[in-house]
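These notes concern the structure reproduced below.
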Number of protein chains: 2
Amino acid sequence: MKYHKIPDETIRRLPIYLRGLLLSSEQGRQSISSRNLADFVGVNSWQIRKDFSYFGDFGTRGVGYNVEKLTKQIKKILKLDAAPKVALVGVGNLGSAVLAYPAFRICGFDIAAAFDINPKKIGKKINNIVVEDASKLRTLKKRRINLAIITVPRDAAQQTADALVKAGVRGILNFSPCYIVVPKKVKVITIDIAMDLARLPYYMPAS
Amino acid sequence: MKYHKIPDETIRRLPIYLRGLLLSSEQGRQSISSRNLADFVGVNSWQIRKDFSYFGDFGTRGVGYNVEKLTKQIKKILKLDAAPKVALVGVGNLGSAVLAYPAFRICGFDIAAAFDINPKKIGKKINNIVVEDASKLRTLKKRRINLAIITVPRDAAQQTADALVKAGVRGILNFSPCYIVVPKKVKVITIDIAMDLARLPYYMPAS
DNA sequence: CTATGTGAATTTATTCACAGCA
DNA sequence: TGCTGTGAATAAATTCACATAG
């Protein structure tokens with residue numbers, strides 16, 4: 001199995017496992033079985049084993065997985081071991097909340113810059129980060145920041161993405177409720193809160 | 001095809017189509033082809049046609065789909081036509097941002113209540129909604145609110161979910177970075193910003 | 001005896017190719 | 001001719017069952 005390509009769905013679950021592992025590590029756990037982890041993260045134990053099997057033997061039969069070793073390996077696969085630097089564009093309500101979001105740290109992210117076009121916001125410090133003028137986005141290349149979060153209003157999302165791509169950004173987490181077009185070499189993941197909420201009623205039984 | 005169960009993945013895409021349709025309706029469009037919509041939302045045209053085929057004939061061959069009719073049908077399938085009422089628990093940074101999020105309206109949601117445990121926040125008005133004491137969650141049943149958004153810190157997420165379930169809530173959008181356990185009759189969708197960000201570096205080519 | 005690792009079976013989703021209608 | 005609608009083909013993901021190792 002070692003030489004198989006890791007399925008996309010497995011990649012989608014790896015961060016979930018990582019979160020579970022970090023949490024159980026905090027609780028002083030050193031080894032964990034697929035069953036234990038399953039209860040912790042809400043994924044079947046056989047699914048977990050299958051997922052892990054795509055990238056090697058980390059478990060000990062009869063015992064389980066070594067939490068530290070597995071954590072390191074997942075981080076390596078996800079390329080999180082280099083503490084990726086991230087820029088955020090759009091320091092409005094949502095942007096400020098994302099800047100203050102504590103859970104980035106545990107994944108190893110370093111929120112290294114924030115931008116806005118509002119002169120009132122530029123120069124202010126939010127969560128220890130000085131807000132810069134969005135016209136300075138091109139400095140990202142020199143600063144070796146190639147990950148960005150977009151939290152600007154919808155109308156500005158595409159042009160923000162264009163500017164980011166021009167500045168060498170290769171991965172974008174987009175919170176604007178729209179589809180944005182980028183070159184193939186750039187990966188975009190869109191989080192649209194309303195889209196997820198919109199799926200809920202379908203799954204709810206009649207009240 | 002009309003009598004087939006609609007696949008989960010199709011349901012996941014329906015809100016995306018809905019967003020695209022609403023946007024193109026704003027632009028005065030009355031009919032749209034699968035190709036047009038594809039460019040708009042970033043999904044293949046044959047995927048779109050297949051998805052729509054699961055719930056009936058809405059297109060006119062040679063022309064495309066009637067925007068209004070299709071919009072109504074998608075809303076009906078997603079059970080969004082009744083303007084579902086939503087409660088939000090946890091008016092911190094993220095909670096406030098979500099309350100102010102404009103895109104809920106277009107999907108037809110009615111943010112009807114907000115709760116917090118912080119006495120300083122209770123009674124304050126945020127985006128026209130008075131923040132109530134979280135101990136009053138049980139009033140949700142009488143008010144016929146069965147959808148909720150959780151934006152509390154991780155430690156409080158599970159107990160908040162428990163309280164919501166007790167109050168009759170059947171669908172939860174969870175922003176806390178953890179897995180929460182609920183009875184089978186309750187549907188939870190978790191948005192973990194860090195999880196999505198954590199997937200990006202994997203897909204980025206070496207810089 | 002416990003828990004992993006993995007081929008095989010099954011289920012689910014995507015893609016294709018084209019018939020059929022306006 | 002243009003675009004939908006859909007069976008059939010392909011691809012992908014999940015689930016199972018069990019051999020295997022500690």
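All chains are named by letter (A, B, ...) in the order of the sequence lines, taking the proteins before the strands, and each is independently numbered beginning at 1. No hydrogens, no waters, no symmetry mates; every other heavy atom, side chains included, goes into these values. Computed from a predicted structure; not experimentally measured.
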Worksheet entry | Value in whole Å for how far the C1' atom of dT6(D) lies from CD1 of I6(B) | 16 Å
Discussion item. Assess whether a salt bridge exists between K72(B) and D81(B), defined as any Lys/Arg side-chain N lying under 4.0 Å from an Asp/Glu carboxylate O.
Written reply: no
Worksheet entry | Nearest-Å distance for atom pair CG/P, residues D51(B) and dT4(D) | 13 Å
Worksheet item: What is the distance, rounded to the nearest whole Å, between atom CG of L70(B) and atom P of dT4(D)?
Response: 11 Å
Fill in: Sugar-phosphate, base or nothing in reach of F52(A), heavy atoms under 4.0 Å
nothing
Item to complete: Map G64(B) and V63(A) onto DNA chain D by nearest heavy atom, then report which one ends up closer to the 5' terminus.
Response: G64(B)
Item to complete: Nearest whole angstrom, please: distance from the P of dT2(C) to the CG of N36(A).
Response: 14 Å
Worksheet item: Tell me: CD of Q47(A) to C1' of dT12(C), nearest whole Å?
Response: 13 Å
Worksheet item: Does S34(B) put a side-chain nitrogen or oxygen below 4.0 Å from OP1 or OP2 of dT4(D)?
Response: yes
Worksheet, complete the sentence: The answer to which of P7(B) and Y65(A) contacts DNA chain C further toward the 5' end, by nearest nucleotide, is Y65(A)
Discussion item. Closest approach to the side chain of E9(A), judged atom by atom: which nucleotide of dG2(D), dT15(C), dA13(D) is it?
Written reply: dA13(D)
Practice prompt. Tell me what R12(B) touches on the nucleic acid: a base, only sugar-phosphate, or nothing, going by heavy atoms under 4.0 Å.
Written response: nothing
Worksheet item: Where the side chain of S25(B) meets the backbone of Q30(B), is there a donor-acceptor pair that is under 3.5 Å apart?
Response: no
Worksheet item: Does dA17(C) have OP1 or OP2 sitting under 4.0 Å from an N or O in the side chain of R49(B)?
Response: no
Worksheet item: Given the side-chain rings of F40(B) and Y179(A), with only the six-membered ring counted for Trp, is the space between their centroids under 6.0 Å?
Response: no
Worksheet entry | Salt bridge flag under 4.0 Å for residues R143(B) and E132(B) | yes
Fill in: Per S53(B) side chain, nearest of listed nucleotides dA13(C), dT14(D), dT6(D)
dT6(D)
Worksheet entry | Nucleotide dA8(C), atom P - distance to NZ of K50(A) in whole Å | 11 Å
Worksheet item: Counting just side-chain N and O atoms, does N44(B) come under 4.0 Å of either OP1 or OP2 of dT15(C)?
Response: yes
Worksheet entry | Closest to the R61(A) side chain, choosing from dA22(C), dT14(C), dA21(D) | dA21(D)
Response to the item:
In whole angstroms, the gap separating P of dA22(C) from CG of N66(B) amounts to 16 Å
Worksheet item: How would you label the contact of G59(B) with the nucleic acid (heavy atoms, under 4.0 Å): base, sugar-phosphate, or nothing?
Response: sugar-phosphate
Item to complete: Mind calculating the distance between CG (D57(B)) and P (dC3(D)) to the nearest angstrom?
Response: 18 Å
Discussion item. Taking the basic N atoms (NZ, or NE/NH1/NH2) and the acidic carboxylate oxygens, is any pair closer than 4.0 Å for D133(A) and K136(A)?
Written reply: no
